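One structure is given below, encoded as structure tokens.
These numbers were taken from a predicted model, which means no experiment stands behind them. Convention: sequence-line order gives letters A, B, ...; per-chain numbering from 1.
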Protein chains: 2
Amino acid sequence: MRRMSEEPRTSRIQRQVVQLILDRRLTAGAPLPTEAELMETLGVSRNSVREALKALQALDIVEIRHGFGTYVGKASLTPLVDGLTFRTLARHDDDTGALAEILQVREVLEEGLIRRVAATLTEAELDNLEGVVTRMESAGGTGRMGSTFPDLDREFHEALYASLGNALVPQLLGAFWTVFRRVSGARGWTDDPTPEITVRRHRDIVTALRARDVEGAQRAMAVHFRGIEARAAEESRGVG
Amino acid sequence: MRRMSEEPRTSRIQRQVVQLILDRRLTAGAPLPTEAELMETLGVSRNSVREALKALQALDIVEIRHGFGTYVGKASLTPLVDGLTFRTLARHDDDTGALAEILQVREVLEEGLIRRVAATLTEAELDNLEGVVTRMESAGGTGRMGSTFPDLDREFHEALYASLGNALVPQLLGAFWTVFRRVSGARGWTDDPTPEITVRRHRDIVTALRARDVEGAQRAMAVHFRGIEARAAEESRGVG
DNA sequence: GGAGGGAGATACGACGTCCTACGTCCGGGC
DNA sequence: GCCCGGACGTAGGACGTCGTATCTCCCTCC
């Protein structure tokens, strides 16, 4: 009699490859055994190996370079971005609700984080933030809403939390930000019609931070998010 | 002359399958075309189809059931859990730092969320939370630290934010919680040596919430996290 | 002697075919 | 009427083959 409920090859191979990385203490960028070596080591066919590696690639746990080899991946939050984007787009009619959920999480995170960061930000970091805002002003002032303005917005929020020394925070916020932007693009939303207001909100945040006004900084961040939410609601009303 | 930098089949197929789901407005659980149909529709081999589906399965965008068919997935945060777990374990020596990062995000989230939820929690929901704490007490009191205690802990934190109406929040917190637990397990950490203190911290949170004491609830949550952080530091010191 | 280019090695990308495993459903036997 | 077993559809897995991308190294040309 055969064993019942045997685990599928592919998922077993996935675990074995991960375990191999862990056991050998490999870090991001380190080369993995070739597909041929893996199929021999694990005693499975090349198809199974490839399917397992494809799955791990989707999780950014391995990186496959055509004609070169397979490498340990950076384990970024790309899968989260893909998943959230799909999930939001797949709500077909109610993507406003899905975006609002993401926005609320971002809001709670940033309002809590800015308090933690307010006390420890150095003057140099504040100067840097102010520089980003200034660049936003000139980018918005030209009337040319290319790709630079959103990038600066993202840069602002990332620079804001750099001093935390928490690598996960900017990645997580960046993931949410990217989802928001991708969904906006897929829905054909227009650019921010009032960039000068958006820029001012950012400047308010820096001003409060420079004054070491924790409450004020949090309030300014909250106001900023009210603006984003209002715009999202507007757009989805206009389109839907 | 050939076109340079042609996109790989597999990733193109991935996008096409996702687009198919979006175009047909399919929702979680809906059946997808069979592998044979896809290979004909997209004009590619079955292996390519399978590799693409495997990648989408890893993202929980599709669900494959052996011998039955392929279906639209729930797009849960499983990929995030897998990614964060790997990422933490792959830091080999410094997993304490990685766990601390996750813990800090959880902490900021929960401290911000509890403020938003404090005003809107109904008495019935408070009763439910208190019931969970009571069950934690009896589970801890027996001395038998099986799997129920951690499950109750998770249940507590999920029930706490149910009234937000934000489906993403409990999933995100659950993901972080699961990563923490998996890493703990992989590192062979022991069970909470002082469950009675942990239970008390939970009860303090409920008490503050019942008194509609927003500041107190946030403080109680902060204290709870101090405890978790201390225990994590202790364990990793003991093992490392 | 050094820079550029081509040949070969290496490794992933894709395909076709075959067989197996799983699950459903229907029909025959009890 | 119930139960069991086999047919059928679908995914899982294996093998062999060819195609294509990247790197390396050596040879040629300047």
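Per the geometry, CD1 belonging to I64(B) stands 15 Å off P belonging to dG23(C), to the nearest Å. When the P atom of dA21(D) is taken as reference, atom CD of E63(A) falls 18 Å away, rounded to whole Å. R12(B) has its CZ atom 15 Å from the P atom of dG13(C), to the nearest Å. Rounded to whole angstrom, the span from the CD atom of Q57(A) across to the P atom of dA11(C) amounts to 18 Å. Rounded to whole angstrom, the span from the OH atom of Y71(A) across to the P atom of dA21(D) amounts to 17 Å.
Annotation: side chain to side chain contact (heavy atoms under 4.5 Å, CB included) contacts of S11(A) (sequence neighbours excluded): E7(A), P8(A).
Separating the CG atom in L59(A) from the CZ atom in R87(B) is a distance of 13.0 Å, to the nearest 0.5 Å. The line from CZ of F176(B) to CD of E110(B) is 10.5 Å long, rounded to the nearest 0.5 Å. From K54(A), atom NZ reaches atom CG of N47(B) across 11.5 Å, with rounding to the nearest 0.5 Å.
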_The test is salt bridge (Lys or Arg N to Asp or Glu O under 4.0 Å); show your working for R181(A) and D151(A) and say whether it passes._
CA-CA 11 Å; R181(A) 196 159 159 63; D151(A) 289 338; 5.3 Å; no

*asked:* If you apply the rule side chain to side chain donor-acceptor pair (under 3.5 Å), what do you find for R15(B) with Q19(B), and how did you get there?
replied: CA-CA 6 Å; R15(B) 283 190 301 98; Q19(B) 201 55 50; over 6 Å; no

If you restrict it to nitrogen or oxygen atoms, what contacts under 3.5 Å exist between nucleotides 7-10 of chain D and the protein, and what is each distance?
{"residue": "dG9(D)", "atom": "N2", "partner": "G67(B)", "partner atom": "O", "Å": "2.9"}

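Looking at residues 43-56 of chain B, you'll see R46(B), R50(B) sit with a heavy atom under 4.0 Å from some atom of DNA chain D.
A cation-pi arrangement is present between R65(B) and Y71(B), with the terminal nitrogen or guanidinium carbon under 6.0 Å from the aromatic centre and inside a 45° cone about the axis.
Defined by atom type and a distance below 3.5 Å, a donor-acceptor pair is present between the side-chain atoms of E235(B) and T190(B).
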